[in-house]
Amino acid sequence: MTNDELVRLSELGVATVYEASGREGLLDVSLIQLLPGSRVAGPARTVLCGQDDNLMVHAVIEQIQPGEVLVFTMPESAPVALIGELLATQVKVKNAAGILVDAAVRDVEELKELGLPIWTRFIRVKGATKSKIGQLNVTVTVGGANIAPADIVVLDSDGGMCVAQERAREVLQASETRFGKEARLREKLLAGEMSYDLHGLRVFVEKDRR
């Protein structure tokens, strides 16, 4: 996808893109958004760390391409800090779009000042080891969703979702269509009409009362 297309996906947002995708790819976990109001969409650069270990986070830095979303995982999600300020600084220097951590982060105030969009499962000081060799650029799972390298990860205040790379433009088009429909619906709601009638819900609820 082009950079403009990725920006547009981020503007459309997780909820719209998720619904337009056919409700596929939801990261069905609670995520902490360190920068309120931040939103990103970009190709995934995936990291499967050893359990409670961040050796592979250090290893992936040199591979990062501008605009990518770093996805840091372990075999089992746990409140162990895979990144802090110093690692995040290196990610920002590489011009990544953001970071998704299916574990913990620390140095939260410094991370906020850094300005790099980050979503994390936990905030915890507990440190990781650096002794277990994991894997880079493999399919990982976050919140029940499989994320393959270069799949498009969308993150905002609602959480996150993933779009398979081969469906990205199709889902973008469907998202634009949904956005347009919702804009027209919003105009009707502002004019006083009700979704109960516009969606045909009244007939469904009250059909047996007649």
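No hydrogens, no waters, no symmetry mates; every other heavy atom, side chains included, goes into these values. Just so you know, these numbers come straight off a predicted model, no measurement behind them. This chain uses plain numbering: 1 for the first residue, then up along the sequence.
- With sequence neighbours excluded, the residues forming a salt bridge (Lys or Arg N to Asp or Glu O under 4.0 Å) with Glu19 are Arg23, listed by chain and number.
- Taking CD from Glu187 and CD from Glu193, the interatomic distance works out to 11.0 Å, rounded to the nearest 0.5 Å.
- Leu55 and Ile99 fall within the same hydrophobic cluster, where Ile, Leu, Val, Met, Phe, Trp and Tyr residues are linked whenever their side-chain heavy atoms come under 4.5 Å apart, directly or through other members.
- Applying the side chain to side chain donor-acceptor pair (under 3.5 Å) definition to pairs two or more places apart or across chains, those involving residues 146-163 are Gln33-Ser157, Thr141-Asn146.
- Within the structure, no pair that satisfies the salt bridge (charged side-chain N to carboxylate O under 4.0 Å, His left out) test touches residues 48-60, not counting sequence neighbours.
- With sequence neighbours excluded, the residues that form a salt bridge (Lys or Arg N to Asp or Glu O under 4.0 Å) with Arg169 are Glu5.
- Taking hydrophobic clusters as Ile, Leu, Val, Met, Phe, Trp and Tyr residues chained together by side-chain heavy-atom distances below 4.5 Å, Leu116 does not share a cluster with Val7.
- Of all the heavy atoms in Leu155 and Gly160, the pair that sits closest is CD2-CA, 3.6 Å.
- Applying the salt bridge (Lys or Arg N to Asp or Glu O under 4.0 Å) rule to Asp197 yields the partners Arg202; only residues at least two apart in sequence or on another chain are considered.
- With values rounded to the nearest 0.5 angstrom, Lys112 atom NZ is found 11.0 Å from Ile118 atom CD1.
- Partners of Glu170 by side chain to side chain donor-acceptor pair (under 3.5 Å), not counting sequence neighbours, listed by chain and number: Arg167.
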Acceptor/donor pairs from residues 71-93 side chains to any protein atom, 3.5 angstrom cut, sequence neighbours excluded:
from: Thr73; atom 1: OG1; to: Val47; atom 2: O; distance (Å): 3.0
from: Ser77; atom 1: OG; to: Asp102; atom 2: O; distance (Å): 3.1
from: Ser77; atom 1: OG; to: Asp102; atom 2: OD1; distance (Å): 3.3
from: Ser77; atom 1: OG; to: Arg121; atom 2: NH1; distance (Å): 3.4
from: Thr89; atom 1: OG1; to: Glu85; atom 2: O; distance (Å): 2.8
from: Gln90; atom 1: NE2; to: Leu86; atom 2: O; distance (Å): 3.4
from: Lys92; atom 1: NZ; to: Leu114; atom 2: O; distance (Å): 2.4

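- When each of Glu68, Gln65, Gln165 is checked for a side-chain contact (heavy atoms from CB on, under 4.5 Å) with Pro43, only Glu68 meets the rule.
- More than 12 heavy atoms of other shown residues, nucleotides or ligands fall within 6.0 angstrom of atom CD in Glu110.
- Hydrophobic clustering, with ILVMFWY side chains joined whenever heavy atoms are under 4.5 angstrom apart, keeps Leu100 apart from Leu70.
- For the side chain to side chain contact (heavy atoms under 4.5 Å, CB included) test, residues two or more places apart in sequence or in another chain that qualify with Ile123 are Ile32, Leu34, Val105, Val108, Thr120.
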N/O donor to acceptor pairs below 3.5 angstrom from side-chain atoms of residues 130-138, sequence neighbours left out:
from: Lys132; atom 1: NZ; to: Gln51; atom 2: O; distance (Å): 2.9
from: Asn137; atom 1: OD1; to: Arg45; atom 2: NH1; distance (Å): 3.1
from: Asn137; atom 1: ND2; to: Gln63; atom 2: OE1; distance (Å): 2.8

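- Val125 and Phe122 fall into different hydrophobic clusters, where Ile, Leu, Val, Met, Phe, Trp and Tyr residues are linked whenever their side-chain heavy atoms come under 4.5 Å apart, directly or through other members.
- Hydrophobic clustering, with ILVMFWY side chains joined whenever heavy atoms are under 4.5 angstrom apart, groups Val101 together with Val57.
- Side-chain atoms of Arg106 never come within 3.5 Å of backbone atoms of Lys126 as a donor-acceptor pair (strictly under, hydrogens ignored).
- Residue Leu12 belongs to a hydrophobic cluster whose other members are Met1, Leu6, Leu9, Val14, Val17, Tyr18, Leu26, Ile152, Val154, Met161, Val163, Val171, Leu172, Phe179, with links defined by side-chain heavy atoms closer than 4.5 Å.
- Residues meeting the salt bridge (Lys or Arg N to Asp or Glu O under 4.0 Å) test with Arg178, sequence neighbours left out: Glu182.
- For Pro117, the side chain to side chain contact (heavy atoms under 4.5 Å, CB included) test picks out Leu35, Ser38, Val40, Trp119, with sequence neighbours left out.
- Residues Ser195 and Leu189 come closest through the heavy atom pair N-CD2, 3.8 Å.
- Contact check for Lys181 versus Thr177: side-chain heavy atoms found under the 4.5 Å cut-off.
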